[in-house]
Amino acid sequence: MPPVFALADCNNFYVSCERVFNPKLEGKPVVVLSNNDGCVVSRSNEAKALGIKMGAPVFELSGMIKRHGVKVFSSNYALYGDMSQRVMETLSGFAEDIEIYSIDEAFLDLSGFRHENLTDYMRRIRSDVKQWTGIPVSIGIAETKTLAKIANKMAKKIPETEGVLDLTVLSARERALAMTDVADIWGIGSSYSGYLEKNGVKNALQLRDAGSALTNRIKHKMGINGARIIQELKGVPCYSVETCPQPKKGITVSRTFRQPIESLSELKEAMATYVSMGAEKLRRENAATRTLSVFLHTSRFKKEDFYYRIKTVDLPVTTMDTGELIRYAGEGLEEIYRKGCMYKRAGVMFRDLLPDTRIQMGLFDCINRRRSEKLMKTLDAVNLKMGSGTLAYAATGLAGTRSWHMVFKKRSPSYTTDWNQIPAAS
DNA sequence: TCTGGGGTCCTAGGACCC
DNA sequence: TCTGGGGTCCTAGGACCC
């Protein structure tokens with residue numbers, strides 16, 4: 001029997017999270033902004049209808065926001081992460097295998113439920129998730145992940161589906177593929193969709209049924225992924241539900257500054273902060289790193305004198321020690337820093353991660369590893385209990401507001417993750 | 001004036017080795 | 001003048017995802 005997949009995807013997730021705790025937002029245009037209140041990252045249907053685009057910079061929208069009374073929120077990742085967990089827990093109760101694909105979507109393996117009416121079954125999931133978490137989800141069902149993605153999009157778009165669409169039914173599938181632009185296929189972005197359209201391939205049905213000469217050209221252009229997309233559109237599964245999360249390959253922490261930064265000392269503080277955050281992530285993954293890359297650049301919207309540099313440092317020993325990583329990052333930063341630039345963003349990457357059980361001792365290692373490990377454990381435990389940033393390295397800069405500190409002027413309370421901000425029933 | 005952040009995978013090309 | 005061939009490893013860049 002061929003497998004059956006479902007893709008459950010939360011509708012306008014961040015906006016929906018805000019609405020759970022503020023029902024007055026229902027039916028109104030609502031947007032959630034990125035860090036530093038920079039651009040739009042989530043929109044309610046009403047905001048989409050106004051023509052507000054994903055990623056639009058908020059300063060361009062100020063007129064529209066006023067005119068239509070758009071409700072605006074800074075992002076509150078603690079809240080969204082917590083809500084996500086609740087949604088995923090609820091979904092897990094309905095299928096044997098579940099793959100949490102992102103903060104707001106999950107694939108379910110429904111192969112064992114073929115004897116059921118899948119649409120009815122998914123409707124039940126949908127109403128349970130809504131009842132237990134307050135979050136609306138849409139669900140697409142199909143024989144491959146790529147088709148389930150398409151089913152999900154149609155379920156969102158067509159009200160008559162009531163949020164659930166099953167494309168294992170042949171007639172529904174052909175119709176859905178004909179209605180899906182190539183640009184809306186999972187794995188096809190703006191570059192490939194431009195190429196396909198130029199070659200007369202406008203929708204998913206045409207891509208699936210392209211002649212062999214054209215198919216070969218497409219495969220050549222799009223590589224192995226292109227070949228897989230075509231197979232999956234034909235109903236031949238190339239991907240399965242991955243139930244165990246794979247260990248991370250790399251960790252990146254980077255931020256855009258509110259105000260551009262010129263001075264090396266300020267950049268060093270910002271960088272030390274990002275390294276601290278990254279090292280914490282590293283330890284949460286029970287991993288250590290062999291290389292560290294630091295990078296910085298000026299505004300990418302000022303192309304004339306755009307400056308970008310990255311420096312990769314091979315560490316003498318594999319490590320997860322914040323202090324040690326801060327030191328190497330600082331040295332790397334000095335190498336790529338150029339005086340006179342107005343920097344807009346900086347960050348650090350750890351690549352070449354190793355599980356911490358496999359760390360080899362360096363021959364000339366002069367750091368006491370056991371002591372370092374103990375220190376890091378204590379640091380993480382304190383910050384977990386007392387709030388992140390309670391214990392920090394002096395290199396990250398002490399109190400006071402730095403120009404690289406982020407602002408969230410329109411943040412909603414952390415209703416679910418902070419005792420002091422739990423909503424009162426009245 | 002003001003434009004997010006964190007990932008993965010694939011491919012091409014260079015360096016290097018035998 | 002003519003200037004092998006194949007394998008591996010690494011890196012940079014492209015493309016995509018949410």
Side-chain angles (χ1 to χ4, degrees), chain A residues 7 9-14 31-43 52-63 65 72 74-75 77 80-81 84 99-107 145-146 149 152-153 182-196 219-229 238-239 242 245-260 274 277-278 281-282 285 290-291 293 295 297-303 306 308-312 314 342 344-353 403-404 406-409:
Chain A
L7 174 65
D9 190 323
C10 302
N11 302 348
N12 315 328
F13 183 55
Y14 297 169
V31 297
V32 174
L33 307 179
S34 63
N35 283 340
N36 286 325
D37 297 340
C39 49
V40 174
V41 293
S42 182
R43 308 158 291 158
I52 297 175
K53 295 270 181 285
M54 186 69 172
V58 72
F59 69 85
E60 282 178 3
L61 299 173
S62 49
I65 287 170
V72 178
S74 304
S75 43
Y77 291 108
Y80 310 149
S84 170
E99 172 185 348
I100 297 170
Y101 180 70
S102 74
I103 193 163
D104 69 339
E105 57 190 302
F107 286 102
K145 281 183 163 181
T146 304
K149 273 268 182 188
N152 186 286
K153 262 197 187 162
V182 282
D184 291 333
I185 300 171
W186 191 37
I188 296 182
S190 61
S191 166
Y192 292 157
S193 65
Y195 172 83
L196 290 170
K219 285 181 182 169
H220 185 255
K221 172 86 176 173
M222 294 174 46
I224 180 88
N225 284 329
R228 287 187 181 140
I229 289 169
C238 301
Y239 306 103
E242 304 285 340
Q246 298 300 303
K248 277 194 179 16
K249 306 263 163 71
I251 286 170
T252 305
V253 179
S254 73
R255 291 290 182 277
T256 297
F257 311 132
R258 228 174 344 138
Q259 304 290 335
Y274 307 152
M277 294 161 76
K281 282 193 196 181
L282 204 53
E285 284 275 308
R290 263 186 307 204
T291 65
S293 308
F295 66 89
H297 60 81
T298 56
S299 171
R300 63 179 202 279
F301 299 100
K302 289 182 182 139
K303 293 209 169 69
F306 181 66
Y308 166 83
R309 286 291 180 282
I310 179 164
K311 166 75 186 174
T312 300
D314 289 313
M342 300 303 284
K344 263 309 263 184
R345 184 158 171 259
V348 64
M349 294 190 259
F350 304 139
R351 289 179 281 195
D352 267 315
L353 304 193
S403 51
W404 49 272
M406 292 192 294
V407 291
F408 299 90
K409 288 202 178 133

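Protein chains get the first letters and strands the later ones, always in sequence-line order, with residue 1 at the start of each.
A donor-acceptor pair under 3.5 Å is absent between the side-chain atoms of A/Ser42 and the main chain of A/Val31, judged by distance alone. Proximity of a side-chain donor or acceptor of A/Asn36 to a complementary backbone N or O of A/Val407 within less than 3.5 Å is detected. Under the 3.5 Å distance criterion, the side-chain polar atoms of A/Lys311 are left unmatched by any main-chain donor or acceptor of A/Ser293.
Put simply, A/Arg351 has no side-chain N or O that comes within less than 4.0 Å of OP1 or OP2 on C/dT11. Put simply, A/Lys281 has a side-chain N or O that comes within less than 4.0 Å of OP1 or OP2 on B/dG7. In terms of phosphate contacts, A/Ser191 brings a side-chain nitrogen or oxygen within less than 4.0 Å of OP1 or OP2 of C/dA15. Not one side-chain nitrogen or oxygen of A/Ser34 sits closer than 4.0 Å to the OP1 or OP2 atom of B/dG5. Phosphate proximity of C/dT11 to A/Thr312: absent, as no side-chain N or O sits under 4.0 Å from OP1 or OP2. Between A/Arg255 and the phosphate of B/dG6, there is a side-chain N or O to OP1/OP2 separation shorter than 4.0 Å. At the phosphate of B/dC9, OP1 or OP2 sits under 4.0 Å from a side-chain N or O atom of A/Lys249.
For A/Lys145 and A/Glu242, the salt-bridge test fails: no basic side-chain N is under 4.0 Å from an acidic carboxylate O.
In this structure, the nucleotide among B/dC2, C/dC18, B/dG6 sitting nearest to the side chain of A/Glu105 is C/dC18. Set against B/dC2, B/dC10, C/dC16, the side chain of A/Lys344 has B/dC2 as its closest nucleotide. Set against C/dC18, B/dG4, B/dG6, the side chain of A/Arg300 has B/dG4 as its closest nucleotide. Closest to the A/Tyr192 side chain, of the nucleotides B/dG7, B/dG4, C/dA15, is C/dA15. Comparing atom distances between the A/Cys39 side chain and each of B/dG6, C/dC18, B/dT3 picks out B/dT3 as nearest. For A/Thr256, whose side chain is taken as the heavy atoms from C-beta onward, the closest listed nucleotide among B/dG4, B/dG6, B/dC10 is B/dG4.
Counting non-hydrogen atoms under 4.0 angstrom, A/Gly250 reaches the backbone sugars and phosphates but no base. A/Leu33 comes within 4.0 angstrom of nothing in the nucleic acid, heavy atoms only. In this structure, A/Arg228 reaches the sugar-phosphate backbone alone: every heavy-atom distance under 4.0 Å involves primed, P, OP1 or OP2 atoms, never a base. Residue A/Ser190 is in sugar-phosphate contact alone, with no base atom involved, counting any heavy-atom pair closer than 4.0 Å across all strands shown. Among the atoms of the strands shown, only primed sugar atoms or phosphate atoms (P, OP1, OP2) are found under 4.0 Å from some heavy atom of A/Ile185. Among the heavy atoms of the strands lying under 4.0 Å from A/Asp104 are primed sugar atoms or P, OP1, OP2 only; no base atom is included. A/Ile103 comes within 4.0 angstrom of nothing in the nucleic acid, heavy atoms only. Within 4.0 Å (heavy atoms only), A/Val58 reaches no atom of the nucleic acid at all. Counting non-hydrogen atoms under 4.0 angstrom, A/Lys149 reaches the backbone sugars and phosphates but no base.
What separates CZ of A/Phe13 from P of C/dC17 is a distance of 21 Å, to the nearest Å. Atom pair A/Ile310:CD1 and C/dT11:P shows a separation of 11 Å (rounding to whole Å applied). The NZ-P distance, from A/Lys248 to B/dC9, rounds to 12 Å in whole Å. If you take CG of A/Asp352 and C1' of C/dC10, they are 10 Å apart, rounded to a whole angstrom. Rounded to whole Å, atom C1' of B/dT8 lies 13 Å from atom NZ of A/Lys145. Rounded to whole angstrom, the span from the CE atom of A/Met406 across to the P atom of B/dT3 amounts to 14 Å. Distance A/Asp314 CG to C/dT11 P: 7 Å, rounded to the nearest Å. Atoms CD1 (A/Ile100) and P (C/dC18) sit 16 Å apart, rounded to a whole Å.
Look at A/Phe301 and the base of B/dT3; the rings stack, centres closer than 5.5 Å and planes less than 30° apart.
Residue A/Phe59 is the one, among A/Asn225 and A/Phe59, whose nearest nucleotide of DNA chain B lies closer to the 5' end (criterion: closest heavy atom). If A/Asn35 and A/His220 are placed on DNA chain B by their nearest nucleotide, the residue sitting closer to the 5' end is A/Asn35.
Spacing of P atoms, C/dC17 relative to B/dT3, comes out at 25 Å, to the nearest Å.
At a threshold of 4.5 Å between non-hydrogen side-chain atoms, the residues A/Leu7 and A/Tyr101 do not count as touching. Looking at A/Val72 and A/Asp37, their side chains never come closer than 4.5 Å, going by heavy atoms from C-beta outward. The closest side-chain heavy-atom distance from A/Val348 to A/Thr252 is not below 4.5 Å. The shortest distance between side-chain heavy atoms of A/Tyr14 and A/Ile103 falls below 4.5 Å.
Shown here, B/dG7 forms a base pair with C/dC16; the pair counts as Watson-Crick or G-U wobble because both key distances fall under 3.5 Å.
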